Amino acid sequence: MAEANWYVVHTYSGYENKVKANILKTIENRHLEDEILEVRVPLQDVVEMKNGARKTVQKKLFPGYVLINMIMNDDTWYVVRNTRGVTGFVGPGSKPVPLTEAEMKPLGIRTENISVDFAEGDTISVVAGVWKDTVGAVQKMDYGKQTATINVELFGRETPVEISFAEVRKMS
């Protein structure tokens, strides 16, 4: 069986969520759950100032684009390419090019799952990265992004920090 990869689909601006909904509906109708695995519209939290108040809102990371984790074949290509609002796959000509591991990492998409021996409430030690040698209790775990949120003391106050599963280990 072919391997699933992440592909980028270009859409009309403002149609990203509609395209996602249409592709999900088509997957359900045509029973393509095993071939088109996930459809994402990457979002980021942005702090805006309105009327003197800070407000956190979610904005699209890449307006006009949708990410799809799928097994590329003639049928799945046809389904995605002919979805209303899709202008085409990103790649030279009509040939879609999958995202590389390096391109997916900043998006918070991991292909390999790291199994961990800790859970919320456990004390962990950071063994790599910016927060190396920091110790903290796990506040939240995000298995999709493969990250743990711990509180660290920064300038005399507790601050939540998100750290990759690969950079931590459980304290004994």
Side-chain angles (χ1 to χ4, degrees), residues 1-9 11 16-28 31-71 80 98-172:
M1 189 167 152
E3 184 182 336
N5 288 305
W6 284 94
Y7 295 91
V8 180
V9 176
T11 68
E16 300 88 353
N17 292 327
K18 201 171 281 191
V19 165
K20 177 181 176 179
N22 288 341
I23 291 173
L24 292 175
K25 185 62 111 181
T26 305
I27 291 168
E28 187 181 320
H31 305 293
L32 295 171
E33 294 88 354
D34 296 333
E35 296 177 52
I36 301 176
L37 308 173
E38 192 176 350
V39 182
R40 283 193 187 181
V41 178
L43 300 171
Q44 66 180 347
D45 289 331
V46 178
V47 177
E48 290 183 344
M49 293 293 285
K50 276 198 176 166
N51 302 330
R54 293 173 61 106
K55 183 178 178 187
T56 304
V57 294
Q58 286 198 320
K59 295 226 174 179
K60 292 181 181 88
L61 196 56
F62 306 111
Y65 295 94
V66 174
L67 301 177
I68 302 178
N69 187 13
M70 61 188 259
I71 297 169
V80 173
L99 291 174
T100 63
E101 189 77 36
E103 291 169 328
M104 291 178 349
K105 193 170 184 177
L107 303 176
I109 300 172
R110 302 268 196 281
T111 51
E112 80 286 346
N113 283 335
I114 300 169
S115 62
V116 291
D117 61 347
F118 56 87
E120 288 182 20
D122 288 348
T123 302
I124 58 171
S125 173
V126 182
V127 294
V130 179
W131 296 100
K132 187 175 190 225
D133 299 327
T134 303
V135 175
V138 178
Q139 304 300 314
K140 186 172 90 177
M141 301 208 19
D142 186 335
Y143 291 97
K145 288 170 61 178
Q146 299 271 300
T147 60
T149 302
I150 64 170
N151 279 342
V152 297
E153 190 172 318
L154 189 64
F155 303 119
R157 52 198 311 193
E158 292 281 309
T159 305
V161 175
E162 195 173 68
I163 298 173
S164 168
F165 284 170
E167 297 177 349
V168 298
R169 76 178 148 72
K170 185 176 179 181
M171 300 284 286
S172 30

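If you're wondering where the values come from, they're calculated on a predicted model, not measured in any experiment.
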Q | Over 12 foreign heavy atoms within 6.0 Å of NZ, K60 | A | yes
Q | Shortest non-hydrogen contact from P98 toward N5 | A | CB-CB, 3.5 Å
(Q) Going by side-chain contact (heavy atoms from CB on, under 4.5 Å), V126 matches just one of I163, V135, D133. Which one? (A) I163
(Q) As an exercise, state the distance from NZ of K170 to CD1 of I124, rounded to the nearest 0.5 Å. (A) 11.0 Å
Q. Would F118 and M141 satisfy side-chain contact (heavy atoms from CB on, under 4.5 Å), going step by step from the backbone distance to the final call?
A. CA-CA 10 Å; F118 56 87; M141 301 208 19; 3.8 Å; yes
**Q.** Minimal non-hydrogen separation, V138 against A119, with atom names
**A.** CB-O, 3.6 Å
Q: Supply the atom-to-atom distance I27 CD1 to E33 CD, rounded to the nearest 0.5 angstrom.
A: 7.5 Å
Q | Residue list, salt bridge (Lys or Arg N to Asp or Glu O under 4.0 Å) with E158, at least two apart or on another chain | A | none
Q) Hey, is the main chain of P42 close enough, under 3.5 Å, to the side chain of Q44 for a donor-acceptor pair? A) no
Q. With sequence neighbours excluded, what pairs up with E38 under the side chain to side chain donor-acceptor pair (under 3.5 Å) test?
A. R40
Q: Nearest 0.5 Å please: distance from the CG atom of N22 over to the CG atom of N17.
A: 11.0 Å
Q: Could you grab the distance from atom CD1 of I150 to atom OG1 of T159, nearest 0.5 Å is fine?
A: 11.0 Å
Q | Among V80, L37, I23, side-chain contact (heavy atoms from CB on, under 4.5 Å) partner for M70 | A | V80
Q.
Nearest 0.5 angstrom please: E153 CD to T134 OG1, how far?
A. 11.0 Å
Q: Could you grab the distance from atom CG of L43 to atom CG of L61, nearest 0.5 Å is fine?
A: 8.0 Å
**Q.** Nearest non-hydrogen partners of G121 and A137, listed with the distance
**A.** O-CB, 4.5 Å
Q: Return the minimal non-hydrogen interatomic distance between K20 and V39, and the atom names on each side.
A: CE-O, 3.3 Å
Can I get a per-line list of side-chain donor-acceptor pairs under 3.5 Å for residues 46-55, giving both atom names and the distance, sequence neighbours left out?
unit_1, atom_1, unit_2, atom_2, d
E48, OE2, K59, NZ, 3.0

(Q) Counting C-beta onward and ignoring hydrogens, is there a side-chain heavy-atom pair between V8 and L67 closer than 4.5 Å? (A) yes
